[in-house]
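One structure is given below, encoded as structure tokens.
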Amino acid sequence: MIHYRFARLLLAAAGLLIATPALAQVAKVNGVTIPQSRMEIFMRDLAAQGRPDTPEVRNMIKQELISRELMAQEAVRKGLDKTPDTTAQMDVARQNVLARAYLQETAKTNQPGEDALKKEYERIKSQLGTKEYKARHILVEQEAEAKDILAQIKKGGNFAKIAAEKSKDTGTKGNGGALDWAVPTNYVKPFSDALIKLKKGQIVDAPVKSDFGWHIIQLEDERALKVPAYEEVKPNLQQQLQRQAQEKAINDLRGKAKIE
């Protein structure tokens, strides 16, 4: 696509771009033109997947576009474009394309500057704190059961074994309740508040309640947090701020709209 545009600019600069109808279309099918823009949309999507722009790939797309045009023409001939299901799907497809175009335009017009990106970086960094923790936990539904399990552990019961038997957290029970290294903000607040008060090897004195149930928490280890450098996370920060701008734009539209 870039080469195509560049070539057009060169020809225009040389005064040679007078009429180039062949460049504007991929093919004609029963008199219907398949515009070049469809080819470029396909190529853009393939480029995002890492596919190279080659004559072979473009020919493959051309044949696909021809087949689609033939099927579309036949569907119209049979009146399939008038069925309720087809018209509903076409409405949804149109709505999706327009919504995506609006989001892309909003992101383009809300490119965050260096100051905004660095401010967001410092904000997130301050929230992460200076340490990360490695913990185990056992999750149960009832406080009484949690207290009973905690009493067993305090008497010498094997935390990992009991977690494998009793924990309702299917993501960790198979590993004895072990959690990966994480900063406190990765957890719900009651969990993180209890975790950061523990010393290495210590278990909570009482079960901790969260929206998920009752937790018995053990801190296995802690270490200094290594925060990625600004340049490493800059692209992610840019995307994050653009998403925030998009969400704000949508909320603004909802606020102005008459929704019944």
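Values below: every heavy atom of this structure, side chains too, minus hydrogens, waters and symmetry copies.
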How many angstroms lie between [atom1] in [X] and [atom2] in [Y], if you round to the nearest 0.5 Å?
{"X": "Asn110", "Y": "Arg243", "atom1": "CG", "atom2": "CZ", "answer": "14.0 Å"}
{"X": "Lys226", "Y": "Trp181", "atom1": "NZ", "atom2": "CH2", "answer": "11.0 Å"}
{"X": "Leu237", "Y": "Arg123", "atom1": "CG", "atom2": "CZ", "answer": "9.5 Å"}
{"X": "Gln238", "Y": "Leu117", "atom1": "CD", "atom2": "CG", "answer": "6.0 Å"}
{"X": "Phe159", "Y": "Ile138", "atom1": "CZ", "atom2": "CD1", "answer": "4.0 Å"}
{"X": "Ile61", "Y": "Ile66", "atom1": "CD1", "atom2": "CD1", "answer": "12.0 Å"}

Salt bridge [X]-[Y], side-chain N to carboxylate O under 4.0 Å:
{"X": "Glu74", "Y": "Arg77", "value": "yes"}
{"X": "Lys248", "Y": "Asp252", "value": "yes"}
{"X": "Lys147", "Y": "Glu143", "value": "yes"}
{"X": "Glu132", "Y": "Arg223", "value": "yes"}
{"X": "Glu64", "Y": "Lys62", "value": "no"}
{"X": "Arg44", "Y": "Glu40", "value": "no"}
{"X": "Asp205", "Y": "Lys154", "value": "yes"}
{"X": "Glu69", "Y": "Lys28", "value": "no"}
{"X": "Lys134", "Y": "Asp221", "value": "no"}

Show your working on side chain to side chain contact (heavy atoms under 4.5 Å, CB included) between Ile250 and Leu103 and close with a plain yes or no.
CA-CA 9 Å; Ile250 293 169; Leu103 290 174; 4.0 Å; yes

Counting heavy atoms not belonging to [X], are there more than 12 under 6.0 Å from its [atom1]?
{"X": "Glu141", "atom1": "CD", "value": "no"}
{"X": "Gln63", "atom1": "CD", "value": "yes"}
{"X": "Arg94", "atom1": "CZ", "value": "no"}
{"X": "Asp211", "atom1": "CG", "value": "no"}
{"X": "Met90", "atom1": "CE", "value": "no"}
{"X": "Arg254", "atom1": "CZ", "value": "no"}

Search all heavy atoms of [X] against all heavy atoms of [Y] and return the closest pair with its distance.
{"X": "Asp81", "Y": "Thr86", "value": "CA-CG2, 3.9 Å"}
{"X": "Ala249", "Y": "Tyr102", "value": "CB-OH, 3.3 Å"}
{"X": "Glu232", "Y": "Pro235", "value": "O-CD, 3.9 Å"}
{"X": "Val208", "Y": "Pro190", "value": "CG1-O, 3.5 Å"}
{"X": "Leu195", "Y": "Ala135", "value": "CD1-CB, 3.7 Å"}
{"X": "Leu241", "Y": "Ala116", "value": "CD1-O, 3.9 Å"}

Could you tell me whether the side chains of [X] and [Y] share a donor-acceptor contact shorter than 3.5 Å?
{"X": "Asp91", "Y": "Gln95", "answer": "no"}
{"X": "Asp169", "Y": "Thr172", "answer": "yes"}
{"X": "Glu120", "Y": "Gln240", "answer": "yes"}
{"X": "Gln246", "Y": "Gln242", "answer": "no"}

Carefully, step by step, assess Tyr230 and Glu114 under the rule side chain to side chain contact (heavy atoms under 4.5 Å, CB included).
CA-CA 11 Å; Tyr230 167 71; Glu114 280 294 309; 3.0 Å; yes

Please answer: with hydrophobic residues joined when any side-chain heavy atoms are less than 4.5 Å apart, are [X] and [Y] in the same cluster?
{"X": "Ile196", "Y": "Ile203", "answer": "yes"}
{"X": "Leu128", "Y": "Leu219", "answer": "no"}
{"X": "Val26", "Y": "Ile41", "answer": "no"}
{"X": "Ile153", "Y": "Leu179", "answer": "yes"}
{"X": "Ile216", "Y": "Val188", "answer": "yes"}

Hey, can you tell me if Phe191 and Tyr187 have their rings parallel, tilted or perpendicular (30° and 60° cut-offs)?
tilted

Between [X] and [Y], is there a donor-acceptor pair closer than 3.5 Å when you use the side chain of the first and the backbone of the second?
{"X": "Asn175", "Y": "Gly177", "result": "no"}
{"X": "Asp148", "Y": "Ala144", "result": "no"}
{"X": "Ser167", "Y": "Ala164", "result": "no"}
{"X": "Arg136", "Y": "Ala163", "result": "no"}
{"X": "Asn186", "Y": "Ala182", "result": "no"}

Verdict with supporting geometry, Val29 and Ile34, side chain to side chain contact (heavy atoms under 4.5 Å, CB included)
CA-CA 7 Å; Val29 180; Ile34 300 176; 3.7 Å; yes

If you apply the rule side-chain hydrogen bond (donor to acceptor under 3.5 Å, both in side chains), what do you find for Glu247 with Asn251, and how did you get there?
CA-CA 6 Å; Glu247 290 170 7; Asn251 288 332; over 6 Å; no

Apply side chain to side chain contact (heavy atoms under 4.5 Å, CB included) to the pair Thr87 and Lys82, showing each step before the final yes or no.
CA-CA 6 Å; Thr87 54; Lys82 301 294 193 299; 5.5 Å; no

State, with a plain yes or no, whether a side-chain heavy atom of Lys131 is found less than 4.5 Å away from one of Leu225.
no

Would you indicate whether the side-chain heavy atoms of Arg58 and Met39 approach each other to under 4.5 Å?
yes

Is the Lys NZ or Arg CZ of Lys234 less than 6.0 Å from the centre of Tyr121's six-membered ring, within 45° of the axis?
no

